[in-house]
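Here is the naming used below: chain letters follow the sequence lines, and residue numbers restart at 1 for every chain. Just so it is clear, the model here is predicted, and its values are computed rather than measured.
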There are 2 protein chains.
Amino acid sequence: MSTSSGKKYKIVVTQDLGKDVMPILLDRPDFEVVVWHGTGPCPRSWLLENAVGASGLVVLLGNKMNAETFDTAGPSLKVVSTMSVGYDHVDLDALSQRGIRLGHTPDILTDAVADISVMLALMASRNAKQTAHIVENGEWPTSVWAPYLFCGPQISSSWIKPTPTVGFIGFGRIAQATLSRLIPFGYTHCLYTTNPTSPRDTAFESGILEKHPTLKEVKRVDLYSLAKESDVVFVLAPGGDKTRHIVNETFLKSMKKTAVLVNTSRGTLVDSDALAKALKEGWIWGAGLDVVEGEPNVGADHPLVKEPRCIVLPHIGSATNETRLGMATLTAKNLVAGVLGEDMPAEYKVSK
Amino acid sequence: MSTSSGKKYKIVVTQDLGKDVMPILLDRPDFEVVVWHGTGPCPRSWLLENAVGASGLVVLLGNKMNAETFDTAGPSLKVVSTMSVGYDHVDLDALSQRGIRLGHTPDILTDAVADISVMLALMASRNAKQTAHIVENGEWPTSVWAPYLFCGPQISSSWIKPTPTVGFIGFGRIAQATLSRLIPFGYTHCLYTTNPTSPRDTAFESGILEKHPTLKEVKRVDLYSLAKESDVVFVLAPGGDKTRHIVNETFLKSMKKTAVLVNTSRGTLVDSDALAKALKEGWIWGAGLDVVEGEPNVGADHPLVKEPRCIVLPHIGSATNETRLGMATLTAKNLVAGVLGEDMPAEYKVSK
């Protein structure tokens, strides 16, 4: 099998997707597959050099997909398939002007990110960083027990706080999966914010309540109310200009002193300097971050990395074998469908 | 108010229970309260010296409550109130022979320990220790992204493993609270072991199934089956001779290579050398421990502390402000009721 002109489709892959996935591309007789096998991410020059005449590109967040890339590939380019949910690296205007389709990998990472969101909330409240360091530094044998030693606020409901409130900045699939996980921890109230220009959807809120019989309230509120009333706040909104530093000094000062903040979406949503100040001065109890502004350029001396009650992980939200294998498989399948002009399993349709 | 003879009840407190709780004891006109205010745990000599003529003792796990203690206190001693669930430090025979009552603090820490059990399962599977160290050591900026970098097994259900199994060694309140928390992570099968001499209780199992409609199976099994079939194993049984090293080489070798082990009960249940070997040789994926054999004498060079996929925390299972305040309050109330001969809120009745 080959193209109508008898030529094979040229496919450029900027990252080996692993032995379980690559055969989806390599085993096709109508594909000529060029794969970057060097150490680290593929250089821009390699990508541009190989993109010439390509029908499809398999890319990652680090590969800039702009007019230059598309024009270098030329009119043969039918699809860009990115192994990511986000598309900050793709110039959507330039893409749609040329009629190029975009595949991405939504949904499949929902559970992995919800899992780590709950983990970070627990770690931040329970002083997991400080206490693990005490053991690792050999200080356990000489630490003296006291009734309130190492204590943090309890994430689950308790005799003191029987009806805790969770707040979500952004309330999409990952936030809803995180909420589901928190229900048996005793959460009875859920506040959220979404794009303020869209109307409040009370039918949607009723649906969430129906799904969780022990939940007493689901309510879209303004940011200030969310900060003020939540015992734990999850940042799970898209990145970009509109959400930049949505968690700033004002927000953090409104939060409860015993509350924790978790960010597993995009680093830009949280003002790092404001958060470091909030932790140092005790405006909030702790924070758990899988993403940080300016990552991966976050060194050991970063003010948030040095805060004892701030857990910082290197953007591993979707890093489970199951999820990454699922993302890689979906990326390959999107590519094939896009090249052949078929329905893609997960196409991102650019609105015009 | 005072005793019938006009004398006040002498109460010895080996640990200040905090400003919110101590008034329960200090404000009573019929109590003469002696409190250890030194640094660290009270020395044995201080306890024995002050116990003479005491009606009640407020103690911690570190205070040995044996015949010597009781006989030093003398026939005035009516109650020992320990701020702990466990009573490994109490000689129950010596206690009951003298008609002394025992107060402890069960139930109240159930949620705090279930919370940390879930946290440790997530941390062990998601490489939280390794990845946090990468950030703390300043290695994030130079780490090179790859599709399967930092990946661990997914704790929640996934397209590859849609019906995961959780195993509990010991299936009391904390285990059941942990199971509840795992349900929205997609667990459909629950295996457990309990004291093998008691009969299997199928009505109890049906009750658990009824409580969790998405759960397909709850089954008491032998240790080998539990090890073999579980994706995550929680050790939540009492300590003591009968459960010592119940998790040994044989058990660990039977576990799945992708499974994680969590121990938040007593260190003695897990053979540390066997676990270190299991982690080093990849018999299992990872482990999360809040308790370790021989604690707190667990130094930085302990083989489990050095394992990159073994999280070790310094026994903070119940360390939330809410729970510890609840435990301290219950300890004080048990003491008062025991001294006055009233019903204690949480009396441990020694079976004869």
Side-chain angles (χ1 to χ4, degrees), chain A residues 15 17-18 40-41 60 62 83 111-112 115-116 118-119 122-123 126 128-129 131-132 134-138 140-141 143-145 147-156 158-161 180-181 183-185 295-300 305 311-314 316 319-324 326 328, chain B residues 15 17-18 40-41 60 62 83 111-112 115-116 118-119 122-123 126 128-129 131-132 134-138 140-141 143-145 147-156 158-161 180-181 183-185 295-300 305 311-314 316 319-324 326 328:
Chain A
Q15 172 74 55
L17 300 177
L60 302 174
M83 185 178 157
D111 285 311
D115 289 353
I116 211 171
V118 173
M119 180 184 96
L122 284 160
M123 288 177 72
R126 296 300 291 273
K129 181 174 172 177
T131 53
I134 279 168
V135 175
E136 288 159 21
N137 295 339
W140 194 3
S143 78
V144 175
W145 198 89
Y148 304 100
L149 182 71
F150 303 142
C151 281
Q154 187 157 317
I155 274 284
S156 58
S158 68
W159 65 297
I160 292 175
K161 194 188 289 167
S180 292
R181 283 159 174 73
I183 297 293
F185 285 81
E295 68 181 56
N297 293 317
V298 174
V305 175
I311 325 293
V312 184
L313 298 179
I316 58 163
T320 69
N321 295 311
E322 292 82 352
T323 290
R324 288 284 172 82
Chain B
Q15 172 74 55
L17 299 178
L60 304 173
M83 185 176 157
D111 285 310
D115 290 353
I116 212 171
V118 173
M119 180 184 96
L122 284 160
M123 288 178 72
R126 295 301 291 274
K129 180 174 173 176
T131 53
I134 278 168
V135 175
E136 288 159 22
N137 296 338
W140 194 3
S143 78
V144 175
W145 198 89
Y148 304 101
L149 183 70
F150 303 142
C151 282
Q154 187 157 318
I155 273 284
S156 59
S158 68
W159 65 296
I160 293 176
K161 192 188 290 168
S180 292
R181 283 159 173 73
I183 296 293
F185 285 80
E295 69 181 56
N297 293 316
V298 174
V305 176
I311 325 293
V312 184
L313 298 180
I316 57 164
T320 70
N321 295 312
E322 291 83 351
T323 290
R324 288 283 172 83

Salt bridge (Lys or Arg N to Asp or Glu O under 4.0 Å) partners for Arg181(A), two or more places apart:
Asp111(A), Asp115(A)
Under 4.5 Å between any side-chain heavy atoms of Pro184(A) and Pro184(B), yes or no?
yes
Rounding to 0.5 Å, atoms CE (Met123(B)) and CE (Met123(A)) come to a distance of 3.5 Å
For chain A, find which of Arg126(B), Met119(B), Glu136(B) contributes the most heavy-atom pairs closer than 4.5 angstrom.
Arg126(B)
Among Ala128(B), Ser180(B), Pro41(B), Gly152(B), the residue with the most heavy-atom pairs under 4.5 Å to chain A is Gly152(B)
Worked check of side-chain contact (heavy atoms from CB on, under 4.5 Å) between Val118(B) and Phe185(A):
CA-CA 11 Å; Val118(B) 173; Phe185(A) 285 81; 4.3 Å; yes
With a 4.5 angstrom heavy-atom cut-off, is it the side chain or the backbone of Leu60(A) that approaches chain B, or both, or neither?
side chain
Could you look at Asn137(A) and say if it's the side chain, the backbone, both or neither that has a heavy atom under 4.5 Å from chain B?
backbone
Let's test your reading of the structure: which of Gly326(A), Pro314(A), Gly138(A) forms the most heavy-atom pairs below 4.5 Å with chain B?
Pro314(A)
In terms of heavy-atom contacts, Cys151(A) and Arg324(B) come closest through SG-CG, 3.5 Å
Comparing Ile155(B), Val298(B), Val305(B), Ile183(B) against chain A, the one with the most heavy-atom pairs below 4.5 Å turns out to be Val298(B)
Interatomic distance, OH@Tyr148(A) vs CG@Leu17(B), rounded to 0.5 Å, equals 6.5 Å
Side chain from CB out, backbone as N, CA, C, O: work out which of these in Trp159(A) comes under 4.5 Å of a heavy atom of chain B, or both, or neither.
side chain
Of the listed residues (Val144(B), Leu122(B), Ile160(B)), which shares the most heavy-atom pairs with chain A below a 4.5 Å separation?
Leu122(B)
Between Ser143(A), Gly62(A), Ala112(A), which has the largest tally of heavy atom pairs under 4.5 Å with chain B?
Ala112(A)
So, taking the atom named CD in Gln154(A) and the one named OG1 in Thr323(B), what distance separates them when rounded to the nearest 0.5 Å?
3.5 Å
Close side-chain approach of Val312(B) to Trp140(A), heavy-atom, < 4.5 Å
yes
Do you know which of Gly18(B), Gly299(B), Ala300(B), Ala328(B) has the most heavy-atom pairs under 4.5 Å to chain A?
Ala300(B)
Output for pair (Ile311(A) CD1, Thr131(B) OG1), nearest 0.5 Å, gives 10.5 Å
Is it true that Glu322(A) and Ser158(B) share a donor-acceptor pair across their side chains at a distance under 3.5 Å?
no
